[in-house]
Amino acid sequence: MDFQEFKDRIPKLKKLPLPGEEAHHKLIPATRLDELSFLDIEERNPLNAGVMAVFYPGEDRHTRLVLILRKTYQGVHSNQIGFPGGRQETSDRDLLHTALRETEEEVGIPQSEIKVLKELTKLYIPPSNFWVHPFMGMLEYTPEMVPQETEVEKILEVELAQFMDKKCFVNQTLSTSYAKNIEVPAFLLNDQIVWGATAMMLSEIKVLLQKVL
């Protein structure tokens, strides 16, 4: 989709109710759904994180969304696809500030230049014990993104048209640091399997975009 058309239509987003868990559950792994059914989340005293889904024009003026491939490390989200974002720091004003700050740190987009479009439904991630608070944002020019050397292996620029195509929905069998050979619903974007919490948040974004684009 041409970015100008996206920009013209996206303000309608503000008035839409959030689809929330209904959208999340379209992409939730069965094992995660079972786990959440008996968890007392607040008893686990989870930490908070903020992430940002930034839409922007590519050099061809087609609308794109930025995702990142995290580096391989000793942790549950090693080598996984996610949004720019991270843990809330005590110096952050709020979780939106967290998402904007982390986006600037991880991919180099100045936080002051991101127009925030909408706050999305928070999502609990059991393996890392985080409440993740996602936001949608827009940048009106093509950014020169630079991956944070210590955190980001690769920056993925996903065309909106690919994301909105129903063909990008797949089922995949994979293994993680905490589960082996599990079948999960996922998105196939830029030849990468995007699953778990990121896919669940993307599902909510897709439901919203389907209503305005």
Side-chain angles (χ1 to χ4, degrees), residues 1-28 33 36 41 48-58 60-68 81-86 88 92-104 107 109-125 130-143 156-169 185-187 189 194 196-213:
M1 171 180 279
D2 178 78
F3 183 75
Q4 186 60 51
E5 185 178 359
F6 176 85
K7 182 181 171 183
D8 290 344
R9 295 186 182 189
I10 206 64
K12 300 175 186 176
L13 204 68
K14 290 184 179 180
K15 297 181 180 179
L16 292 180
L18 292 174
E21 288 187 357
E22 182 179 352
H24 289 168
H25 284 182
K26 292 180 180 181
L27 271 292
I28 192 171
L33 189 59
L36 288 172
I41 296 174
N48 286 294
V51 301
M52 180 66 66
V54 183
F55 293 85
Y56 59 94
D60 56 5
R61 301 304 295 174
H62 291 173
T63 306
R64 286 174 166 75
L65 165 68
V66 61
L67 295 171
I68 61 172
I81 305 295
F83 294 106
Q88 184 180 32
D92 292 339
R93 294 186 300 275
D94 51 30
L95 283 155
L96 173 57
H97 181 224
T98 301
L100 290 167
R101 174 184 57 75
E102 286 278 349
T103 297
E104 182 168 7
V107 298
I109 299 176
Q111 55 187 288
S112 61
E113 298 181 19
I114 296 175
K115 179 181 178 181
V116 179
L117 301 171
K118 197 174 185 70
E119 181 175 1
L120 302 174
T121 306
K122 69 177 183 178
L123 181 67
Y124 180 66
I125 306 180
F130 267 93
W131 275 117
V132 176
H133 301 257
F135 299 84
M136 290 179 67
M138 180 176 71
L139 192 67
E140 297 195 21
Y141 61 88
T142 305
L156 305 178
E157 300 187 62
V158 178
E159 283 213 28
L160 178 62
Q162 181 193 19
F163 172 53
M164 297 304 291
D165 191 332
K166 62 182 180 181
K167 294 179 183 177
C168 75
F169 176 78
F187 291 109
L189 301 171
V194 185
T198 302
M200 292 164 69
M201 290 182 278
L202 281 170
S203 179
E204 182 171 51
I205 291 170
K206 190 167 186 174
V207 169
L208 289 169
L209 291 179
Q210 285 171 335
K211 295 179 180 179
V212 300
L213 301 183

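The shown structure was predicted, so the numbers you read here are calculated from the model rather than taken from an experiment.
Under the 3.5 Å distance criterion, the side-chain polar atoms of T198 are matched with a main-chain donor or acceptor of I81. H97 places a side-chain N or O within 3.5 Å of a backbone atom of R93 that can act as its donor or acceptor partner. Distance alone, capped at 3.5 Å, is enough to place a donor-acceptor pair between the T103 side chain and the A99 backbone. In this structure a side-chain-to-backbone donor-acceptor pair under 3.5 Å is missing from E157 to V66. Side-chain atoms of D165 do not come within 3.5 Å of backbone N or O of C168 as any donor-acceptor pair. With T63 contributing its side chain and L160 its backbone, the two residues share no donor-acceptor pair below 3.5 Å.
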Show me, pair by pair, the donor-acceptor contacts under 3.5 angstrom made by side chains of residues 131-141, not counting sequence neighbours?
unit_1 : atom_1 : unit_2 : atom_2 : d
W131   : NE1    : E42    : OE2    : 3.2
H133   : NE2    : N48    : OD1    : 2.9
E140   : OE1    : K7     : NZ     : 2.8
Y141   : OH     : E113   : OE1    : 2.2

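L202 is listed as a side-chain neighbour of L189, based on a closest heavy-atom distance under 4.5 Å. Put simply, the side chain of K118 reaches to within 4.5 Å of the side chain of L18, judged on heavy atoms. Here the side chains of L36 and I28 are in contact, with some heavy-atom distance below 4.5 Å. In this structure the side chain of M1 never reaches within 4.5 angstrom of the side chain of M164, judged on heavy atoms. With contacts defined as side-chain heavy-atom distances shorter than 4.5 Å, the pair V107/I68 qualifies. Considering only heavy atoms from C-beta on, H25 comes within 4.5 Å of L33 through its side chain.
From L13, atom CG reaches atom CG of L209 across 6.5 Å, with rounding to the nearest 0.5 Å. M200 contributes atom CE, which lies 8.0 Å from atom CD of E21 (distance to the nearest 0.5 angstrom). To the nearest 0.5 angstrom, I10 atom CD1 is 11.0 Å from E5 atom CD. In this structure, the separation between CD on Q88 and CG on L96 is 11.0 Å, given to the nearest 0.5 Å. Put simply, CD1 on I205 and CG on L120 are 5.5 Å apart, with the number rounded to the nearest 0.5 Å. Distance check: M201 CE to K122 NZ gives 14.0 Å after rounding to the nearest 0.5 Å.
In this structure, F163 has its ring center closer than 6.0 angstrom to the ring center of F187.
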Could you go step by step and tell me if I109 and E104 meet the side chain to side chain contact (heavy atoms under 4.5 Å, CB included) rule?
-> CA-CA 5 Å; I109 299 176; E104 182 168 7; 5.9 Å; no
Stepwise side chain to side chain contact (heavy atoms under 4.5 Å, CB included) check, R64 with V158 | CA-CA 5 Å; R64 286 174 166 75; V158 178; over 6 Å; no
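Shortest non-hydrogen contact noted between R9 and L213 is NH1-C, 2.9 Å. In terms of heavy-atom proximity, D60 sits nearest to E159 at OD2-OE2, 4.2 Å. Smallest separation of non-hydrogen atoms from S203 and A23: OG-O, 2.7 Å. Heavy atoms only, all atoms of each residue included: K14 and L117 are closest at CG-O, 3.9 Å.
Residues D8 and K12 are not paired through a salt bridge, judged by the lack of any N-O separation under 4.0 Å between the basic side chain and the carboxylate.
More than 12 heavy atoms of other residues, nucleotides or ligands sit less than 6.0 Å from atom CD of Q4.
The side-chain contact (heavy atoms from CB on, under 4.5 Å) check on P57 picks up F3, R61, T142, with sequence neighbours excluded.
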